[in-house]
Protein chains: 2
Amino acid sequence: MKFNEQDQSRLIPALKVIGEPNRLRILCGLGMACLPVVDIIHATGLGQTNVSFHLRVLREAGFVRAERRGAFIFYCLADRDLLQILQNLKLWLETRVETHPNRKNQPLMGGHNSATTT
Amino acid sequence: MKFNEQDQSRLIPALKVIGEPNRLRILCGLGMACLPVVDIIHATGLGQTNVSFHLRVLREAGFVRAERRGAFIFYCLADRDLLQILQNLKLWLETRVETHPNRKNQPLMGGHNSATTT
DNA sequence: TGATAATATCAGTCCATATTTATATGAATA
DNA sequence: TATTCATATAAATATGGACTGATATTATCA
């Protein structure tokens, strides 16, 4: 399985967004819920403006959506399927064992092998 | 679905690693293959020492493994299941459509709803 | 309508880390 | 054994973006 340039150009910015620890914390903290910003501020312990900044990044990247309800703006995941993806990643990480240098006896040379060609 | 602190403390560093664009490029470029460093250097266009640095980060985080073969050191994915995870993420990203504010008619208030409690 | 609360925006600073340059290490070869 | 090639390491520097403080915007309430 290989990812072409288009695949990568799609993955890179998305992973960049969720690669930031506090943004991931916000996403995980949201889960299935919808929370107003004040709750996110308290849950994360971050400054209000910092939270607002991260929420904007998440919103513009399509990870969360916002809805104003009176004085509050509620945020929740734009698509909760993301949780499944994160869950898969978590499970994968859990099953990794540092003592196994060759996971699942995967052959080292499993594909194209080159010393001088790309 | 919620991720507790332990889950998050596992996900955060991992996503931090692959959230760096060039490291993700290296992983995607490896795919099923095993490549010597020179190939990775040429494929990415990065400097040799920069590649070496990123490979070390990937290696220490358990994403790749290295094997010396004579004058060359070959790198490949430590566990190619990662490709499936990335593939799922890619597919998810592809199916996201910016014009749909409410993905799959997911209810906005899908869970815990609070304005003042965390 | 003014005060207050919730939240976003802006500009500047700070900090983590990517990158570069110099050098060290390991392997192959003459 | 010295040289060359491949790659890693160390230190310094550059860069991007997280964070902060000030301020603006929006909604609510008296």
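In what follows, chains are A, B, ... by sequence order, proteins preceding strands, each numbered from 1.
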Between CZ of B:Arg59 and C1' of D:dT7 the distance, given in whole Å, is 10 Å
Separation of C:dA28 atom P from B:Arg69 atom CZ, nearest Å, is 13 Å
Atom CG of B:Asp39 and atom P of D:dT7 are separated, to the nearest Å, by 8 Å
When rounded to whole Å, the CD to P distance for the pair B:Glu67 and C:dA27 reads 13 Å
Atom CZ of B:Phe53 and atom P of C:dA18 are separated, to the nearest Å, by 5 Å
The nucleotide from D:dA18, C:dA8, D:dA8 with an atom nearest the side chain of B:Val37 is D:dA8
Checklist entry - C:dT17 phosphate, OP1 or OP2: any side-chain N/O from B:His54 under 4.0 angstrom? => result no
Open item on the list: Would you say that A:Glu67 contacts A:Ile73 through its side chain, given a criterion of any heavy-atom pair below 4.5 Å between the two side chains?
Closed with: no
**Message:** Under 4.0 Å from OP1 or OP2 of D:dA6: is there any side-chain N or O of B:Tyr75 that close?
**Reply:** no
message: Please confirm whether the shortest side-chain N or O distance from B:Lys16 to OP1 or OP2 of C:dA16 is below 4.0 Å.
response: no
Smallest heavy-atom separation, A:Arg23 atom then A:Lys16 atom, equals NH2-O, 3.9 Å
From CG of A:Leu55 across to C1' of C:dA6 the rounded distance in Å is 13 Å
Going by distance alone, is a donor N or O of one side chain under 3.5 Å from an acceptor N or O of the other, for A:Asn4 and A:Gln8?
no
Exercise. Give a yes or no on whether a donor-acceptor pair under 3.5 Å exists between the nucleobase atoms of C:dT9, that is its base, and the side chain of A:Ser52.
Key: no
Check: Under 4.0 Å between a side-chain N or O of A:Asn22 and OP1 or OP2 of D:dC19?
Finding: yes
Note: for A:Ile41 and B:Thr49 on DNA chain C, the residue whose nearest nucleotide lies more 5' is A:Ile41
Nearest-nucleotide check on DNA chain D, A:Glu20 vs A:Ala71; residue mapping nearer the 5' end is A:Glu20
B:Pro36 has its side chain closest, among D:dA18, C:dA18, D:dT7, to D:dT7
From the candidates C:dA27, D:dT7, C:dA8, the one with an atom nearest any side-chain atom of B:Arg68 is C:dA27
Would you say the base of D:dA8 and the side-chain of B:Gln48 have a donor-acceptor pair closer than 3.5 Å?
yes
In whole angstroms, the gap separating P of C:dT25 from CD1 of B:Ile73 amounts to 15 Å
Taken to the nearest whole Å, CZ/A:Phe72 to P/C:dA6 is 5 Å
Quick check with a 6.0 Å cut-off and a 45 degree axis cone: is B:Arg10 positioned over the face of B:Phe3's six-membered ring?
no
Contact between B:Leu15 and A:Glu20 at the side-chain level, heavy atoms closer than 4.5 Å - yes or no? no
